[in-house]
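Data block below; observations after.
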Amino acid sequence: DGGITQSPKYLFRKEGQNVTLSCEQNLNHDAMYWYRQDPGQGLRLIYYSQIVNDFQKGDIAEGYSVSREKKESFPLTVTSAQKNPTAFYLCASSGTSGSGGLFGPGTRLTVL
Amino acid sequence: GDSVTQMEGPVTLSEEAFLTINCTYTATGYPSLFWYVQYPGEGLQLLLKATKADDKGSNKGFEATYRKETTSFHLEKGSVQVSDSAVYFCALSDRSGGSNYKLTFGKGTLLTVNP
């Protein structure tokens, strides 16, 4: 079955450590996205990629980095420069602009 | 830039009540419009969509009509159930410009349905 997966579901890290969140899709979608969700703030776009080897900053890219070496994969690294990294992170993919996005189950990152 | 404004919650209803969650948008081009639903601890699921003016999206008893004249996409359901309790997000995808895949979300509306 086609879908989008994120791992792990829960992640704990110490302050000052970089951490990489995984996102994989087998839907043959061109576009992939990373969103951050905080209580009461909805979803905010971190990075997005429309094609392999290309990506653009979203609204809150500072302290994050991404890569898109394969169509199926779009990992997000939360660096130590991110001031408040504890949040719920959602990955999504889409095929065309009119189809909306298919979301993964999310990763809840807690920085201790 | 693009933006989505939806009614703030929380919204609390009794089972079988009528639901309306208002959503208005601002976009530079001709956006597609979406409603997503999020159950506790999960990702977002696409509930319904509309891609052009006067289109009506519908799914699981929920409906929303793309109103270009009022730039609105209000979500409605005639009779809610306890299982509809979730957070609902209105979103748009603007097809103009170079970032035509990007989704812009409202802040979400928490719906609680009591038996």
Side-chain angles (χ1 to χ4, degrees), chain A residues 3-10 21 23-25 27 29-51 54-61 68 74 87-110, chain B residues 1-10 21 23 25 27 29-53 55 57 59 64 66 73 86-110:
Chain A
I4 181 166
T5 58
Q6 292 184 244
S7 61
K9 189 171 180 63
Y10 299 96
L21 282 58
C23 179
E24 303 278 335
Q25 54 99 359
L27 301 160
H29 283 169
D30 289 316
M32 297 186 74
Y33 321 77
W34 275 105
Y35 291 89
R36 170 181 172 139
Q37 186 177 26
D38 296 283
Q41 297 207 38
L43 275 72
R44 292 182 290 171
L45 183 64
I46 304 172
Y47 269 98
Y48 64 105
S49 168
Q50 298 185 3
I51 57 172
D54 188 49
F55 47 83
Q56 287 78 40
K57 293 182 178 180
D59 302 317
I60 56 165
R68 188 85 187 276
F74 192 43
F88 190 46
Y89 290 88
L90 288 159
C91 181
S93 69
S94 69
T96 64
S97 61
S99 64
L102 181 67
F103 280 80
T107 293
R108 187 167 298 280
L109 173 64
T110 302
Chain B
D2 297 342
S3 66
V4 175
T5 302
Q6 62 181 104
M7 65 185 286
E8 295 189 15
I21 301 177
C23 172
Y25 67 89
Y30 302 95
S32 294
L33 302 175
F34 309 90
W35 277 100
Y36 287 85
V37 59
Q38 184 180 35
Y39 299 101
E42 298 183 8
L44 274 68
Q45 300 175 27
L46 179 62
L47 181 60
L48 54 85
K49 67 178 182 180
T51 58
K52 61 183 188 295
D55 269 2
N59 186 25
Y66 190 143
F73 193 55
V87 180
Y88 292 82
F89 292 92
C90 185
L92 70 82
S93 175
D94 195 340
R95 287 171 281 183
S96 67
S99 60
N100 61 355
Y101 289 117
K102 192 174 70 170
L103 283 165
T104 300
F105 285 88
K107 291 191 174 183
T109 302
L110 173 63

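Naming: A, B, ... by sequence-line order, numbering from 1 per chain.
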Ring centres under 6.0 Å, that's the criterion: do F105(B) and Y36(B) meet it?
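So the answer is yes for these two rings.
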Report which part of L44(B) has an atom under 4.5 Å of a heavy atom belonging to chain A: side chain, backbone, both, or neither.
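Both backbone and side chain.
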Heavy-atom contact with chain A under 4.5 Å, split by part of Q45(B):
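Interface part for Q45(B): neither.
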Short question: side chain of T104(B), backbone of S3(B) - any donor-acceptor pair under 3.5 Å?
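Not a single qualifying donor-acceptor pair exists.
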Side chain of S93(B), backbone of L103(B): donor and acceptor closer than 3.5 Å?
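Not confirmed, S93(B) side chain does not pair with L103(B) backbone.
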Most chain B-contacting option - heavy-atom pairs closer than 4.5 Å, from Q37(A), R44(A), Q6(A), K9(A):
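Heavy-atom pairs under 4.5 Å are most numerous for Q37(A).
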Quick check on Q56(A) against chain B: is it the side chain, the backbone, both or neither that has a heavy atom closer than 4.5 Å?
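Looking at Q56(A), nothing touches chain B.
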List the atom of S94(A), the atom of G101(A), and the distance in Å for their closest heavy-atom pair.
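What the structure gives for the nearest pair is CB-CA, 4.1 Å.
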